[in-house]
Number of protein chains: 2
Amino acid sequence: MPPMHRAKAAPARSGLTAFEREVIEHFVEISRALGQPRSLAEIYGLLFISPRPLAMDDLIERLQISKGSASQGLRFLREIGAVRPVELDGDRRVHYEAVAELRRLAGRFLSDQLAPRVAGNERRLARLAERVGELPETHRKHAEARLTMLQSWHRNTRRILPLVIKLLGD
Amino acid sequence: MPPMHRAKAAPARSGLTAFEREVIEHFVEISRALGQPRSLAEIYGLLFISPRPLAMDDLIERLQISKGSASQGLRFLREIGAVRPVELDGDRRVHYEAVAELRRLAGRFLSDQLAPRVAGNERRLARLAERVGELPETHRKHAEARLTMLQSWHRNTRRILPLVIKLLGD
DNA sequence: CCAATGGTTCAATCCAAAATGAACAAATTA
DNA sequence: TAATTTGTTCATTTTGGATTGAACCATTGG
């Protein structure tokens, strides 16, 4: 069969405007700093800048991501309250719009992602406090001092987190 | 030369006490939240709990990490001021001790790791503000509203960062 | 009832960041 | 000077989290 000159590619250039791409890039950068996967940021970013709710299909097509990524990404964003499902009549597909209140977003993120870690740290510090007594005399004093420091740092963190939430959402 | 029966293995079980391991684990958890590689946290953690400065050799042996990791890790920690080189007489190797002032640590981390990103975001927002005018009438209004939001979020962030630093180091 | 559509799940794959270790350089000691 | 010690660099390898896509389920419509 002659090669034909190809339908192979049509790399499907993204169907995103330059403006949209840049807005999305903004969210990608932020999500990196928060240690979240890129596809989440892409989905949220596109919904954020879109003037009307989008269905999963739209996200797959415009962002060129897989069904799996789209489905999982939307689930996560729904769970943390960053995205809200919307029913559009005449279409059985669920559409989504971005929740854009920073206070709510930050609060959810902190309580869902950070709080569990903070709790884990707290437990570990408690364990350490118990065991510091069993240490050989030589190192005990130093270990106790360091442990006190860790506890103080931890208290600082706990104190500041709620404050940050409050300040963010004004 | 006959093989001699060797010093091949002795897998060198970690030479870390349970207590040390747990302290190190604490730092590993924290560094994860900050998106830093595990080996950094291990190095800092061991130095933090060690009552006296350690040489690179010690870190390699006790943490079972490679020379490369140790060297690069120490370089990074030195750069952000988390670790301080110490000269011990009678030993030409450089030893290191942990810098344990939280204020300094947090400040450095924020200004080295976060500030550049924040600056990047700022530039991007400026570009977006320029281009929003060229948008087709239909979407312009919505895009402008969203952009205003992004700018406000950004201002919030800038406002809060220095405050967090101040509050952390009391 | 069957076919088509919308959506989820999860094992396999991909990939970027981290870790390794060999090669190298510089300082030290014998 | 040669041999050893201390440390850095960087090309390769490893690894874990992100992404994919095939298999599957549920609902709707013909």
Side-chain angles (χ1 to χ4, degrees), chain A residues 11-12 14 24-25 27-47 53-80 83-96 113 117, chain B residues 8 11-12 14 24 27-47 53-80 83-96 113 117:
Chain A
S14 63
I24 289 170
E25 196 50 36
F27 284 100
V28 167
E29 280 300 313
I30 292 173
S31 86
R32 268 202 179 197
L34 301 176
Q36 296 312 97
R38 150 178 289 261
S39 65
L40 284 187
E42 291 178 341
I43 294 171
Y44 183 82
L46 182 51
L47 292 176
L54 299 179
M56 208 172 81
D57 284 0
D58 301 322
L59 296 171
I60 292 171
E61 199 185 305
R62 307 196 61 200
L63 296 172
Q64 301 277 98
I65 60 180
S66 69
K67 240 182 167 196
S69 276
S71 173
Q72 293 188 163
L74 283 172
R75 173 149 60 92
F76 179 85
L77 291 172
R78 240 184 291 129
E79 282 169 3
I80 68 168
V83 135
R84 174 190 302 128
V86 178
E87 321 215 349
L88 259 45
D89 36 83
D91 196 335
R92 116 164 121 107
R93 297 173 302 171
V94 179
H95 288 62
Y96 292 91
Q113 311 293 304
R117 289 162 184 257
Chain B
K8 148 71 149 316
S14 62
I24 289 171
F27 283 99
V28 168
E29 281 299 313
I30 293 173
S31 84
R32 269 203 177 197
L34 301 176
Q36 298 305 0
R38 150 176 290 260
S39 65
L40 283 188
E42 292 178 342
I43 293 171
Y44 184 82
L46 182 51
L47 291 176
L54 299 179
M56 208 172 82
D57 284 0
D58 301 322
L59 296 171
I60 292 172
E61 200 186 305
R62 306 196 61 199
L63 296 172
Q64 300 278 98
I65 60 179
S66 70
K67 241 185 164 193
S69 278
S71 174
Q72 293 189 160
L74 283 172
R75 173 149 61 92
F76 179 84
L77 291 172
R78 241 184 289 128
E79 282 169 3
I80 67 169
V83 134
R84 175 191 300 129
V86 179
E87 319 215 349
L88 260 46
D89 35 86
D91 196 335
R92 114 164 123 110
R93 296 173 301 173
V94 179
H95 288 62
Y96 293 91
Q113 311 294 304
R117 291 163 183 259

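Heavy atoms only: backbone and side chains are in, while hydrogens, waters and symmetry mates are out. Throughout, protein chains are lettered first and strands after them, A, B, ... in sequence-line order, and every chain is numbered starting at 1. In this text the structure is predicted, and so the values were computed from the model without any measurement.
At a non-hydrogen distance threshold of 4.0 Å, B/P37, B/R38, B/S39 from residues 31-39 of chain B come into contact with DNA chain C.
B/L54 contributes atom CG, which lies 12.0 Å from atom CD1 of B/I60 (distance to the nearest 0.5 angstrom). Note that the CE atom of B/M56 and the CD1 atom of B/I43 stand 9.5 Å from one another [nearest 0.5 Å]. Between the NE2 atom of B/H95 and the CG atom of B/D57 there is a distance of 8.5 Å, given to the nearest 0.5 Å. Between B/I30 atom CD1 and B/Q36 atom CD the span is 12.5 Å, to the nearest 0.5 Å.
No side-chain heavy atom of A/P53 sits less than 4.5 Å from a side-chain heavy atom of A/Y96.
The interatomic distance linking A/F76 (CZ) with D/dT19 (C1') rounds to 16 Å, in whole Å. Look at CD on A/E87: it is 11 Å from P on C/dG7, rounded to the nearest Å. Taking atom CD1 of A/I65 as the reference point, atom P of C/dC14 lies 19 Å away to the nearest angstrom. We find that CG of A/L77 is positioned 13 Å from P of D/dA18, with the value rounded to whole Å.
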Decide yes or no on side-chain contact (heavy atoms from CB on, under 4.5 Å) for A/L46 and A/D58, but give the supporting numbers first.
CA-CA 10 Å; A/L46 182 51; A/D58 301 322; over 6 Å; no
For side-chain contact (heavy atoms from CB on, under 4.5 Å), just list the numbers for B/L74 and B/L59, CA-CA rounded to whole Å, side-chain angles, deciding distance to a tenth of an Å, and then say yes or no.
CA-CA 10 Å; B/L74 283 172; B/L59 296 171; 3.9 Å; yes
Counting primed atoms, P, OP1 and OP2 as sugar-phosphate and everything else as base, the B/S/- map of nucleotides 2-12 of chain D against protein heavy atoms under 4.0 Å is ---BSBBBB--
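Legend: residues meeting side-chain hydrogen bond (donor to acceptor under 3.5 Å, both in side chains) with A/R38, ordered by chain and number and at least two apart, are A/E42.
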